[in-house]
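Keep in mind it's a predicted model, so treat the numbers as computed, not measured.
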Amino acid sequence: MADAVLFYALGGLLLVSAALVVTVKNIFHAALYLALALFVVAAIYVTLGAYFLAAIQVLVYIGAVVVLAIFVINLTRTVTGAPVTLSRRWVIPAALVSALTACLIAVALLKAADSSPASPPATADATAAIGRGLLGQWVLPFELVSVLLLSSLIASIAIVGKDREEER
Amino acid sequence: MTITLTHYLILGAALFCLGIYGAITRKNAIGILMSLELVFNAVNINLVAAARWQPDGGLRGQLFALFVIAAAAAESVLGLAIILAIYRRRVVVNADEMDLMKN
Amino acid sequence: MSLAPWSLELATTTLMVVVLVVDVLARHGKKLIWGCYLVGTVALLAIAFFSRGQAEILGGTYVADGLSWIAKIIIVIGAGLTGAISMSALSIREKYHGAYAALLLAASLGMMVLVSSKELITLFVGLETSSVSLYGLAAISKRDDLSLEAGIKYLVIGALSSGLLLYGLSIVYVSTGTTSLDAIRGAVSARGRGPLLTASVVFVLLGVGFKLSMVPLHVWTPDVYQGAPTPVSAFISVVSKSAGFVFALRLLSFAFADLRLVWEPLLAAAAVLTMTVGNLVAIPQKNVKRLLAYSSISQAGYILVGFVGSPAFGASAVMFYLLVYTLTNVAAFSVVIAFSQATGSDQLDDYAGLARREPLLALAFVFALLSLAGIPPLGGFVGKFYLFAAAMQKGYLWLVIVAALNSILSLYYYLLVLRRMYITDPAVPAVPMKTAFPVRAVLLITTVGIFWLGILPGPVMNVISEISARIFPNM
Amino acid sequence: MPEQVLAAVLIPLFPLAAFVLAIAVSRRRSVLSAAASIAGIGAAFLLSLWVLRGQVLSPGPLQADIPWLAAGSIRISMGILVDPLSSLMLVIITAVSLLVQVYSLGYMKGDLGFGRFFSYLSLFSFSMLTLVLADNFILLYMGWELVGLCSYLLIGFWYQKPEAASAAKKAFVVNRVGDFGFLIGILVLSILSGTLSYGEATRFIAGGSLAPGQVTLIALLLFCGAIGKSGQFPLHVWLPDAMEGPTPVSALIHSATMVAAGVFMVARLYGIFMTSADALRVIASLGAFTAVFAALIALAQDDIKRILAYSTISQLGYMMLALGVGGYAAGMFHLTTHAAFKTLLFLGAGSVIHAVGTNDIWKMGGLGRRMPVTAITFFIAVLAIAGIFPVSGFWSKDEILQAARASGHLELYIVALVTVFLTGFYMARLFFVAFAGEPRAESHAHESPVVMTVPLVILGVLAAGLGLIGSPLLGQDIQRFLAPVEEHIGGLNIAVLVQSSALAVVGILAAVMVYGLRIVQPETLRRAAGPVYVVLKHKFFIDELYMALVRGLFFTTTAGIAWFDRHVVDGVVNFVGAASKWGGDVVRRGVTGKVQSYALVVVWGLAAALLVIFL
Amino acid sequence: MTFPLLTTMYGLPLLAVLVIFFVPERRALAIKIVSLTASAAALGLAVWLFFAYDRGVGGLQFVERVPWLGVLGVNYFVGANGVNVMLLLLTGVIITAGVLASWDVTYRPKEFFILLLTLTTGVFGVFMAYNLFLFFLFYEVSVLPMYLLIGIWGTGKKEYAAMKLTLYLMAGSALILAGLLGLYFASGKGSFDFDILSTAAYDPLFQRVFFPILFVGFGTLAALWPFHTWSPDGHSSAPTAVSMLHAGVLMKLGAYGCLLVPITLLPGGARFWLPSVAFLSVINIVYGSLSAVAQRDLKYIVAYSSVSHMGIVMLGLASMNEIALNGAVLQMFSHGIMTGLFFGLVGMIYGRSHTRMVNEQGGLAARTPALAAFFVLTGLTSLGLPGLSGFPAELSVFLGAFRAYPVVTVICVTGIVFTAFYVLRVVQRLFFGRQFLAHPASAQSTTLGFGDANRIELTALSLLMLFILAVGLYPLPFTTLIGTAVAPIAAKLGGM
């Protein structure tokens, strides 16, 4: 029962904050709601026993991505000052299509619900297993992620880095 | 009333669709990126929840989620960089004004 | 002789590091960087060529098989040719050439992993590595508004499609509890088609479709091709698409083999839409890069036609076509590069009278376009024949007719280009143009290749069909 | 191969060789052309005589062939058949050709196309000889078409004259209409009987293997060809126009030989026609009608050649009538005599035209004194065609009348008699208007040169005496020669003889009264006839009717089809093209360049796919 | 290994293409000589083939068969039977005459001859290929160069016409492609070799479905109604040699395809569908000739006459018996040469008077007697005059067709009347009557100031006329030759 309360509470909070992220007019506020949503997701991870992931979620997402987003929002302030940041043109079709998609996914999920096991097996902290996995079977993606991040950095630098000649 | 995997999956689906909605309706390019983060988080909720219900301790699901976070971060960084560069040149952050190319 | 399955990936990483180091040490010495790059890619090609074999590592998550072998050869060839046309034609500051070359290699590396992995996580990371590098490449010409806009559009739609793919994969994980393709295949055939797996097929299909420029995931293609530096467009159009198709083969034809009833009709429909939309919208285009973008959308449609054919036959047809398509599209883009370098224009109307001005360049373009249209004796003809044969084997008469009629539609706008080059008189006095040596070399290589695959494709075909027979036995 | 056959094969080949030689040198050495042509036809004439002699001595069919086309079960040979009928035709054709060619030396002298003219004549001789020698339908058809071609070429010989060019085309096209039926007839026959050879087909049909209806169908279809070629109503319209050609051509082709091909064809296939009484009745009726119809028109014409043309049509109708009422030999006999006197008439007319430079008989007059040879020979011919004892036409016409009488079709007989009267009248009118009376003051007419008058004289003798070979008084040799087994060869029927002679004489006298003695002025007669004259003058308005049909129906149809093709059939094609462009443009406009719309497309795709899967 | 006669035959023009590629454009005469040499040599080979083909043995001769694409069951497989021999001969004649007729091409001669000879290579190839993949390959090669040939050297609305023609024909080939693939898989033999495919037993339903696909595909190129509208526009815009080659040879290629693939391989489908084809061919013949009557442009007239004459070929094909098939093939040959002459002549007239409108000129015979003579002869061939090639061909078709479809054939024979009408009308207007030449621009008419055919033109015309006469005067060697090839087909169709 407590599980249920916790799930509905966190789930509700998540959806509300997520809804605010996509609807609130001020982009800066949206970023803050995003941080909240991501945090709630981390909490959900905790309830699911994924502690390591929860930590990563907070560190990487909130600590890096959202901060960076807010940073960029501040840098582009001159324009973002304008309050209306939602595009009216697409609201109705977007709402329609999202709702439709949601319904269809829900249909599929509910159809399959009977076969899903009722209660989860006993939890064990997977952190150690994750570590072993990263250096074992999944060492290749683990190594590749560094290339991924590296190229992301190289590209970002190449794109935003200022050319001296240009400034002169 | 027990919380089953399906509950989490429904939650994930709802988040996914909210993210999609945001990606379409957000005018600000940064907003679009943020909405897409919601999509990735929806995926991760699915993965982590499914991992919880796996008999093998759900290692793969959690690992998957981990890599998703990394990839999402990389994409966001690059996306923000490009937005910043566009802003510098054209003082534009609204995605619907980035339509020099069309038709 | 057979090398370890990871040797190419290691070599590529090494080359990437070398390029970065040279970049730093040589203070962005453009020539040196490209020298390293080209020598390196030749070596990579040798490695790729000799790493044919059958091996699995990391608990079966990573394989080297025929499919990955062919795909990697295409990737390396593509990367090499793109590098060659980039070195003289890139309009970015010299100091970013190092980053550019490194990103090319990172993208290639990601795709190599993508085509070799038999496990969702590895697959995904490979995919993201290539995608992110490509986003960066598309936007790298940062003094060009179009390039930046291409980058952000590419990234947003790419991220969205990643989201779709991931969502599909997460459902796969939910229903099968595994990420290994072999295990998924087993689980799918044991469990049959439940609602969850069925739904996941849709998501996966769309997620895969992004790389292929499949309708409705084609939306980014014209803008990115137009805005990105032309060599990057070439790279995206051939290498990324090829890797995407191999990826699709692994996921759909292999892992989801028993869900064929679900994805095959969807794919057939997508094929029709892709061809038709691509061709129809190509007709009114005025910008040659945009034209090639729409043409490459339609090309994806043709490949999808082969895709719906029986697995073994279809896979070999797809692989063969990808090989042809790589050479052909690189040739086409090389002409565009040569032209825009000389004239600074990508507008089709400026191609008027090219045949009088630069007969050989025009001729190379003709061969490329006609190969795309599937005219013999060029590679595109054999390739398309092969693809349509695959669909026909499954009894898709209607699809073959639609596809063949679509080729006629495509011929229309290719001929419009021909018309400009050969029939229309030039608006300006026809001054001969200077084409850089590397571009000329690439044109020669690709044109020879197009003819070779059109006239004597036998050996290549034999190898490919052996490979697919092994990967898709008794199917 | 018997020598006779060899000779028969050579007969058409001589003119063919002459043609090749003549056409080759026609532009540079036109005299050589003429020489070659005359030499060729002369040799052919001699050989023909020899062949005829052989047939007279020992009648009997001789055949020879070589394979020409083989397709499946069809084997077509080029084969010749020498028998009394063909050997007679050979002589007629070669003789007339020879005379006309000699005559042409004078008539065509100085013409720019002198050489060309002779080469065409040689080609014609070849074709016509092939036609009569053929032993199968295909070769017959080939000769048939080739003479048509020669006719076309020769009518249009003075091609720079628009009327000539137009008449040539008209001749060919009208003939084609008949040939259409002819060809269909051959097709039907070949399918039903499985053969294309006369002999086999005739045996097959005469053997009663086909239903009567089928035989009638075949016979009538074949007869269509004859209608066209022999100028029978309603396809007679080309023949008067054909007079635009040089007069020797009119003499040779459009009176004596080619136009008789239809008659010859019916005679040649008489075994088939005889099997169908219905077909014979049609032939007889049409022949009789044409005879009187053309004679009526001839009454009101003023152009000397046109009068003769209508008389030719009328006489051909006579021959058809003969064949239709069972007078096979009579028809052929008349063909023979007609060849002589009609050639003579035309050559005489040519001589006149050559002299006065006009065709209008009212502009002539009094030529008898200026051109005595022409006038006398012409007069003999007039007597012959009118059927006055004892010149040739009398005997042959009498045979026909007898056959008609004997057939029991009284109405045909009466029509034939009326025609006799009319013929006498219009021929006499022609002669008296042109040759009698006072010469025109401005005319400088003089007698033609010897090369022209000699043929006239020879023909005059023939026209006068040729009838004797078929005269009942002298044993009717020609009839026996042609139809040895025919039961009825009419003897001397005094009643018929008297009736026809009387009518002919009355006709001539009536004309003399009007045109010779001017007891009644021609003008008065004309006015008295009133509307009848107008109708006759305009040839019953047949040409006008055809023109209206062609203009109103045919051209409207073709224009309609052309429009349909351009705008409907091709319109669909262009529409597909336009629709593709339009579709591309519509989709293109949907590509807004805004990334949100792109995302929307993607998500709609997702929703649609899910919907498809789950519904 | 024996001398690869057939490969050499199409190899010669191909070789010429490569040679010309390296000849500088300003040396136009050299280019023309190379082209002429290659085409004349190919013609020589074709003539030699005509005599060397063993009629007693029949069947495929001079076969070359080399494995090519094992995976798809594709061999390099060329050979010639009686029909091929005829059509190769036709191609050789037309291309040689075509090169001669193009002697006055001065605008971009290099590209012109390269494209012309490429086209020729393809056509030769089609007429000898006995692997359907190879066949299709050559088929497409022979269609495409047409685009530039018309687009660059054409007249009038050339770009529209070129595009329409190319796309239309390619659409036909799209159907062919689908059909060929269907055959390949339905046969279950895993081969595209014609002889292997012809041994397969196809399901009756399959035959009925695929026959129309293949037949319409090929029929488009043979101007089967209602898929013919590319032809008038295309022909009227094309330069002389291209019209000659296209109407003379390429349209035959469609008819040949109809005979080779759907009719021979799918006899069941043929028996089911050919009556409908007979119906369409009536429309072709009558509608084509009636449309020709309404035209004013010489090339349109000839083009519609081609539509009409191809209808006769189609009628022959549809009749399913040996007589008609024989006639159909002979008609292909005859019409090929004849229409080549027609277009050649029209081109020569246009080259002199600069108008192709019938009502803008007249009385040309006085100035150009040789052209007039050839024109008349050609016209007579077209209206089926005996002694010229059209006659035996049409006669055989009608004789055969009448057995199968009496009523249809009767209607078709009316075509000979209409043909006579429009042909002679053109002759009359163009060559006879008063000499004049109207300049559309100034609305004035002048006398004609040009001469007769020159020696090169006469050579081209005579070459073609030679074959018209040969077939017309003595068709036996030709029909015997064709018979060896069509008899087995007729037997397969079980026709009468």
Quiz prompt | Side-chain heavy-atom pair D:Trp68, E:Pro392 within 4.5 angstrom cut-off | solution = yes
Quiz item: Angle class for the D:Phe564/E:Tyr287 ring planes (parallel below 30°, perpendicular above 60°, tilted otherwise)?
Solution: perpendicular
Quiz item: Looking at side-chain heavy atoms only, is the closest gap between D:Tyr141 and E:Leu395 below 4.5 Å?
Solution: no
Quiz item: Looking at CD of E:Glu322 and CD1 of D:Ile74, how far apart are the two atoms once the value is rounded to the nearest 0.5 Å?
Solution: 10.5 Å
Quiz item: Looking only at heavy atoms, which of residues 476-487 of chain E get nearer than 4.5 Å to chain D?
Solution: E:Leu476, E:Thr479, E:Thr480
Self-check item: pair E:Pro369-D:Arg116: side-chain heavy atoms closer than 4.5 Å
Solution: no
Exercise. Can you establish whether the number of heavy atoms outside E:Arg55 located under 6.0 Å from its atom CZ is more than 12?
Key: yes
Quiz prompt | Heavy-atom closest contact (E:Ala294 atom, D:Ala562 atom, distance) | solution = CB-CB, 3.6 Å
Quiz item: For atom CG of E:Leu466, is the number of surrounding heavy atoms from other residues, nucleotides or ligands below 6.0 Å larger than 12?
Solution: yes
Quiz prompt | Heavy-atom pair of closest approach, residues D:Ala70 and E:Asn326 | solution = O-ND2, 3.6 Å
Exercise. Report yes if some heavy atom in the side chain of E:Leu385 is under 4.5 Å from a heavy atom in the side chain of D:Phe172; otherwise report no.
Key: yes
Quiz prompt | Exercise: identify the closest heavy-atom pair between E:Arg403 and D:Ser73 | solution = NH1-OG, 3.6 Å
Exercise. Drop me the distance from E:Leu388's CG to D:Leu149's CG, to the nearest 0.5 angstrom.
Key: 8.5 Å
Practice problem: Check whether any side-chain heavy atom of D:Asn574 sits under 4.5 Å from a side-chain heavy atom of E:Tyr160, and report yes or no. | Solution: yes
Self-check item: Side chain to side chain, D:Thr558 and E:Phe418, heavy atoms closer than 4.5 Å
Solution: no
Quiz item: For D:Val576, is it the side chain, the backbone, both or neither that has a heavy atom under 4.5 Å from a heavy atom of chain E?
Solution: neither
Quiz prompt | Best-contacting candidate, E:Ala372, E:Ala366, E:Ser396, against chain D by heavy atom pairs under 4.5 angstrom | solution = E:Ala366
Practice problem: Select one option (side chain, backbone, both, neither) describing which atoms of E:Thr414 are under 4.5 Å from chain D's heavy atoms. | Solution: both
Exercise. Heavy atoms only, distances under 4.5 angstrom: which of D:Val173, D:Thr557, D:Ile191 has the most pairs with chain E? Name it, please.
Key: D:Ile191
Quiz prompt | Contact leader toward chain E among D:Val572, D:Leu146, D:Val573, where contacts are heavy-atom pairs under 4.5 Å | solution = D:Val573
Quiz prompt | Smallest separation among heavy atoms of D:Lys169 and E:Leu424, with atom names | solution = CG-CB, 3.6 Å
Self-check item: Distance (rounded to the nearest 0.5 Å) between E:Phe402 CZ and D:Ile186 CD1
Solution: 11.5 Å
Practice problem: Give the member of E:Val423, E:Leu473, E:Leu383 that has the highest number of heavy-atom pairs under 4.5 Å with chain D. | Solution: E:Leu383
Self-check item: Heavy-atom proximity to chain E below 4.5 Å, by part of D:Ser166
Solution: both
Quiz item: Which heavy-atom pair separates E:Gly387 from D:Met142 by the least distance, and what is that distance?
Solution: N-CE, 4.1 Å
Quiz item: So which part of D:Leu183 gets closer than 4.5 Å to some heavy atom of chain E, the side chain, the backbone, both or neither?
Solution: side chain
Quiz item: Between E:Trp225 and chain D, which part of the residue has a heavy atom less than 4.5 Å away: side chain, backbone, both or neither?
Solution: side chain
Quiz item: Does the side chain of D:Val569 reach to within under 4.5 Å of the side chain of E:Phe227, using non-hydrogen atoms?
Solution: no
Quiz prompt | Least distance between heavy atoms, E:Val417 atom then D:Arg176 atom | solution = CG2-O, 3.7 Å
Quiz item: Could you state the interatomic distance from NE2 (E:His228) to CG (D:Asp570), rounded to the nearest 0.5 Å?
Solution: 7.5 Å
Quiz item: When only heavy atoms count and the cut-off is under 4.5 Å, which of residues 425-432 of chain E reach chain D?
Solution: E:Arg425, E:Val427, E:Gln428, E:Phe431, E:Phe432
Exercise. Show your reasoning for whether side-chain contact (heavy atoms from CB on, under 4.5 Å) applies to E:Leu399 and D:Leu196.
Key: CA-CA 11 Å; E:Leu399 279 171; D:Leu196 286 163; 4.3 Å; yes
Quiz item: Nearest 0.5 Å, what's the OG-CD1 distance between D:Ser190 and E:Ile323?
Solution: 8.0 Å
Practice problem: Using a cut-off of under 4.5 Å on heavy-atom pairs, state which of E:Ile416, E:Thr409, E:Leu380 scores highest against chain D. | Solution: E:Ile416
Quiz item: Would D:Phe555 and E:Val293 satisfy side-chain contact (heavy atoms from CB on, under 4.5 Å), going step by step from the backbone distance to the final call?
Solution: CA-CA 8 Å; D:Phe555 283 157; E:Val293 173; 3.9 Å; yes
